[in-house]
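The structure under discussion appears below in the form of structure tokens.
Atom set for the values below is all heavy atoms of this structure, side chains included, hydrogens, waters and symmetry mates excluded. Numbered from 1 within each chain, the chains take letters A, B, ... in sequence-line order.
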Amino acid sequence: MSKLVLLDGNSIAYRAFFALPLLNNDKGVYTNAIYGFTTMLLKILEDEDPSHVLVAFDAGKTTFRHDTYSEYKSGREKTPSELSEQLPVIREVLDVFKVPYIEKENYEADDIIGTLSKQAEEENWDVRIYTGDRDLLQLVSPRVHVSFIKKGITNTELYDPDAIRERYGLDPLQITDMKGLMGDSSDNIPGVPGIGEKTALKLLKEYGSVDKVLESIDEISGKKMKERLEENREQAKMSKELAIIYRNTPLDLELSKLKHEDYDVKEVTDLFRELEFQTLLNKFDDVDEAQQIFDELAYKHVTDVQEDMLVSPSALVVEVPEENYHHGSIWGIAVINETGRYFISTENALQSEAFQAWAKDESREKYTFDTKRAVVALGWNDLELRGITHDTLIASYLIDPSVSSHHVSDIAKRRNLQVVDTDEAVYGKGAKRTKPEEKALAEHLIRKGEAVYRLQGKIEEDLKQNEQLELFKELEMPLSLVLGQMETQGICVDRSQLETIGDELDGRLAELEKEIYKQAGREFNINSPKQLGPILFEELELPAVKKTKTGYSTSADVLEKLRDQHEIIPNLLLYRQISKLRSTYIEGLLKVIHPSTGKIHTMFNQAITQTGRLSSTEPNLQNIPIRLEEGRRIRKAFIPSESGWSILSADYSQIELRVLAHIADDEGLKEAFQNNMDIHTKTAMDVFGVGQDEVTSNMRRSAKAVNFGIVYGISDYGLSQSLGITRNEAKEFIESYLKSYPNVQNYMNDIKDEARRDGFVTTLLHRRRYLPDMNSRNFNQRSFAERTAMNTPIQGTAADIIKKAMVDVSKALEEKGLASRLLLQVHDELIFEVPQNEVEIMQELVPELMEQTIELSVPLKADVAQGPTWYDAK
DNA sequence: GTGTACACGC
DNA sequence: GACGTACGTGTACACG
């Protein structure tokens, strides 16, 4: 039995376009409609498994219907250029899938579909029609079913004759009569004014067709209705005429030619790669093909590492599959270079003198994927690794920080190199992750190394194009090593200090708990917002201010507003605060003290944030409490690792606003920093137009919040929330800020233009962030992109600067032979441990290096402090 | 295991 | 006029 699937091409493309955000690829080409169309096509082919298939498109602007009614489809919004430019590519997609498509001068896609479905029906074929247009429902018959695409792209509604009767109470053919009476605004079919769907259906149920209705006008009740029908006789007839799909379109096409053929997977994957359809690509990842490439990858399993195998440059794979590489074992090592491909067991590599010498030799170049992982893992085995000049992970991140996966297999795949499987495919995932037998392991590592080795040139070419080669080679690559050393070094914590604070917190929590139960009238889980909500807002009848998806919001800002309304509130706030301290900072930190070093070894992620900042995990040492004294005491547990040493902390003062002053080249802001003024006071003076002595604490607080907003790119809404004012007041604040600093205003406008023009913004050191939503039709997405455009160069440049300072300081420590060690970075702050005899030197050296890292048109300023614990370094 | 609410830092 | 609004990480809860 033959089955023909007919797709309404324009209608589906239209649906796809509006259902999906305006995605574009690296080349700035819009692909959302192509992507959505392709997804639907694949799903339809999979669901229906048709023997024959065709996509019909509308041709040209005019059709035979315009002869009947020149206004047909007029008043319709022009197809957006973002969509029309995608239509040719949709045809390319159909080409590679070997799906035939057709358009016919003077006819609409509907007519083609109507004609072919009629022919197929006469041959006793089954027909399925996919469309987003209800007009086609008139074609439904026992053999012809229509799938109507509802909202989204995968949600369809299947219509057979019964379904039509159920939905409309009509036979399929009467759909045209319905249109004749009610019209169709999207096609500019007039119908009878004053008659909508309800009335049309009522009339048709009684009389059956437009003609019958018109014949029976006398019987119809209601004077107005009679008049309307009488006056619009011809219009109703014409409207029905227009709505009828023409089923004898001259097509010169044989049904048998529409056979659904097999397609060439390679053609499909090549096109998907070009379009950057990663998700779809995964579906077509042909394992056999990858295996074939691998078969050519001969390698040697080396037990005795020879000097001449380790030429420069080489790709080096140090395989540590455990997410946390501080505890993970090295499963194996691979080296790939022009002399060959080598798999070396971890033991053999670590014991080999030739390997050790090569690893630490700065002059022998290595390429890796995730340098820091290799550096730290080898560091735990007392093996030093230097001379890494290329890291695929970091490079990929610099080229586009937004890509969702920086795994070596994905990067390779994106660059058309299908030689490497995912770790998950080879090792299994989650609890099932196991070390495979040696051959499989060796092959996987060789493939990874091969990808790194082969991609290096192409990737650096791209970096060069982006003017990012210096950022890569001189900043991020050296930084990787510095971070590796910091992580391996770790920071010492006083376990008993943490435990003491923990015990005290436990006691206070127990008391608070009792008190809260008493005030609530019963026991419940205080940590559960789901339980707390009903207690506060139903049992205690407090006014609910905000709701979340799942119930009442009980967040701190909500509770803060209720503080005076019930004595339970202050206790809850305190309970939350202390509970957070205990679980995250006491128990959390105790859990991650390394058993053998007694220190905490965080992991800095160098390839995650969109702005260029670092992040810190397991544990996150970039969010240790400081603002409230209660939490700040946690810092007392962070101590030097050697007795008699000190913790020294140096932080940039207002680095983002200084960067802004420089980038925007704003006189007012520059003046503030050149004269070393308190920036919030200065802002208050400028915004409120008062003298220094007239600045009240409230004015300064507002100014500070505005500065904060500038630095973090918050919206007027965000500012209104933080200051507890209305959105309009916040908006006025921002406006008067920008009036006070006109060049900041100019910068904000210029950078947005730049982002719209280029599709991305950059920092001083050429870090890049793409902003595809700058032209989004969605207000929120667009606004967010605009704030990001303004904010990223500021925050990102600040990140550039402190990263460079870290490399500079680290180099200086080495050159000067100082024993002091850099331990942590917290966005604008560096934390060291320092022997007593170096305290004075470091107090001079560190801020000096930080201030001279980069020359701006305003001075950079770094403050330094030191003491026996991190708490005291304030 | 996954999603949501909340809270910490910058 | 509504939309739902800096980022990243971690914990606890509550769902399957």
Side-chain angles (χ1 to χ4, degrees), chain A residues 401-402 429-432 524-533 546-560 572-573 575-589 591-592 602-605 607-628 630-632 634-635 651-657 705 707-722 727 730 769 773 776-792 794-796 798-799 802 824-829 831 870:
Chain A
S402 74
K429 67 170 173 182
K432 278 179 266 172
F524 65 103
N525 185 343
I526 306 172
N527 280 321
S528 165
K530 203 185 160 194
Q531 293 183 35
L532 178 60
K546 208 164 73 179
K547 285 224 163 195
T548 65
K549 271 181 213 157
T550 50
Y552 303 104
S553 169
T554 64
S555 61
D557 62 314
V558 170
L559 296 190
E560 206 54 62
L572 284 172
L573 284 163
Y575 182 92
R576 281 249 177 94
Q577 190 198 336
I578 294 175
S579 175
K580 172 80 179 173
L581 290 177
R582 186 184 61 171
S583 61
T584 306
Y585 297 106
I586 302 293
E587 283 165 18
L589 290 176
K591 252 190 288 192
V592 292
T602 184
M603 295 186 291
F604 289 105
N605 195 333
I608 190 95
T609 69
Q610 300 303 301
T611 55
R613 278 184 170 188
L614 300 173
S615 75
S616 155
T617 56
E618 283 187 76
N620 181 353
L621 291 183
Q622 292 184 318
N623 71 345
I624 303 300
I626 187 163
R627 288 181 44 247
L628 300 169
E630 199 66 63
R632 191 174 197 155
I634 302 282
R635 295 181 172 227
D651 69 303
Y652 278 114
S653 157
Q654 302 297 348
I655 185 164
E656 282 96 351
L657 290 174
N707 281 331
F708 178 86
I710 297 287
V711 167
Y712 288 116
I714 61 172
S715 56
D716 49 7
Y717 175 87
L719 181 65
S720 73
Q721 289 297 297
S722 67
R727 202 172 138 173
R769 181 175 189 178
D773 287 341
S776 171
R777 288 179 305 276
N778 177 310
F779 173 83
N780 282 323
Q781 287 177 6
R782 191 174 64 246
S783 304
F784 179 56
E786 286 171 358
R787 295 203 302 276
T788 310
M790 299 186 276
N791 164 251
T792 297
I794 302 173
Q795 205 185 111
I802 191 154
L824 297 175
Q825 186 250 45
V826 191
H827 307 308
D828 64 357
E829 178 186 12
I831 292 118
W870 191 6

Scan residues 616-626 of chain A against DNA chain C and write down, sorted by residue number, each residue with any heavy atom closer than 4.0 Å; if none is found, say none.
-> A:Ser616, A:Thr617, A:Glu618, A:Asn620, A:Asn623
Take atom CG of A:Leu614 and atom C1' of B:dG9, then tell me their distance rounded to the nearest Å.
-> 14 Å
Looking across every strand, which nucleic acid part, if any, lies under 4.0 Å from A:Ser553 by heavy atom: base, sugar-phosphate, or nothing?
-> sugar-phosphate
Quick one: which residue pairs count as a side chain to side chain donor-acceptor pair (under 3.5 Å) with a foot in residues 781-790 of chain A, not counting sequence neighbours?
-> A:Ser776-A:Gln781
Tell me the stems DNA chain C sits in, counting at least three consecutive Watson-Crick or G-U wobble pairs, each under 3.5 Å on both distances.
-> B:1-9 with C:7-15
Inter-nucleotide C1' distance (B:dC8, C:dA6), Å rounded | 15 Å
Looking only at heavy atoms, what is the nearest atom pair of A:Ile624 and A:Arg635, with distance?
-> O-NH2, 2.9 Å
Length of the line joining A:Asp651:CG and B:dC10:P, which is rounded to integer Å | 9 Å
Rounded distance in Å between the C1' positions of C:dG1 and B:dA7 = 33 Å
Sidechain-backbone polar pair: A:Arg613 side chain, A:His827 backbone, donor-acceptor under 3.5 Å = no
Take atom CD of A:Gln654 and atom P of B:dC10, then tell me their distance rounded to the nearest Å.
-> 12 Å
Are A:Thr617 and A:Asn605 close enough that some pair of their side-chain heavy atoms sits under 4.5 Å apart?
-> no
With P as the reference atom in both, quote the distance from C:dT5 to B:dC6 in angstrom, rounded to an integer.
-> 14 Å
Counting just side-chain N and O atoms, does A:Ser615 come under 4.0 Å of either OP1 or OP2 of C:dT9?
-> yes
Reckon A:Val826 touches a base, only the sugar-phosphate, or nothing at all at heavy-atom distances under 4.0 Å?
-> sugar-phosphate
Taking only residues two or more places apart in sequence, or in another chain, which ones meet A:Asp828 in a side-chain hydrogen bond (donor to acceptor under 3.5 Å, both in side chains)?
-> none
Looking at residues at least two apart in the chain, or sitting in another chain, which of them share a side-chain hydrogen bond (donor to acceptor under 3.5 Å, both in side chains) with A:Thr611?
-> A:Gln795
With sequence neighbours left out, the residues meeting side-chain hydrogen bond (donor to acceptor under 3.5 Å, both in side chains) with A:Ser616 are A:Thr602
Counterpart residues, salt bridge (charged side-chain N to carboxylate O under 4.0 Å, His left out), relative to A:Arg727 (two or more places apart) = A:Asp716
Interatomic distance, A:Leu824 CG vs B:dG9 P [rounded to whole Å] | 16 Å
Is A:Ile634 close to A:Ile586 at the side-chain level, that is, under 4.5 Å between some pair of heavy atoms?
-> yes
A:Glu618: what forms a side-chain hydrogen bond (donor to acceptor under 3.5 Å, both in side chains) with it, not counting sequence neighbours?
-> A:Asn324
List for me each residue that meets salt bridge (charged side-chain N to carboxylate O under 4.0 Å, His left out) alongside A:Glu560, sequence neighbours excluded, and say none if there are none.
-> A:Arg563
Distance-minimising heavy-atom pair for A:Glu656 and A:Ile794 = O-CG2, 3.4 Å
What string of B, S and - do you get for nucleotides 11-16 of chain C, 5' to 3', when a contact is any protein heavy atom under 4.0 Å?
-> SSSSS-
For A:Asp773, what residues pass the salt bridge (charged side-chain N to carboxylate O under 4.0 Å, His left out) criterion, not counting sequence neighbours?
-> none
CZ of A:Arg582 versus C1' of B:dC8: gap in Å, rounded?
-> 17 Å
For A:Thr788, report the nucleic acid contact type (base, sugar-phosphate, nothing); a contact means any heavy atom under 4.0 Å.
-> nothing
Could you run down nucleotides 1-6 of chain C 5' to 3' and tag each one B, S or - for protein heavy-atom contact under 4.0 Å?
-> --BBBB
Any A:Phe604 side-chain heavy atom under 4.5 Å of A:Leu621 side chain | no
Whole angstrom is fine here: how far is it from CG in A:Leu581 over to P in B:dG9?
-> 9 Å
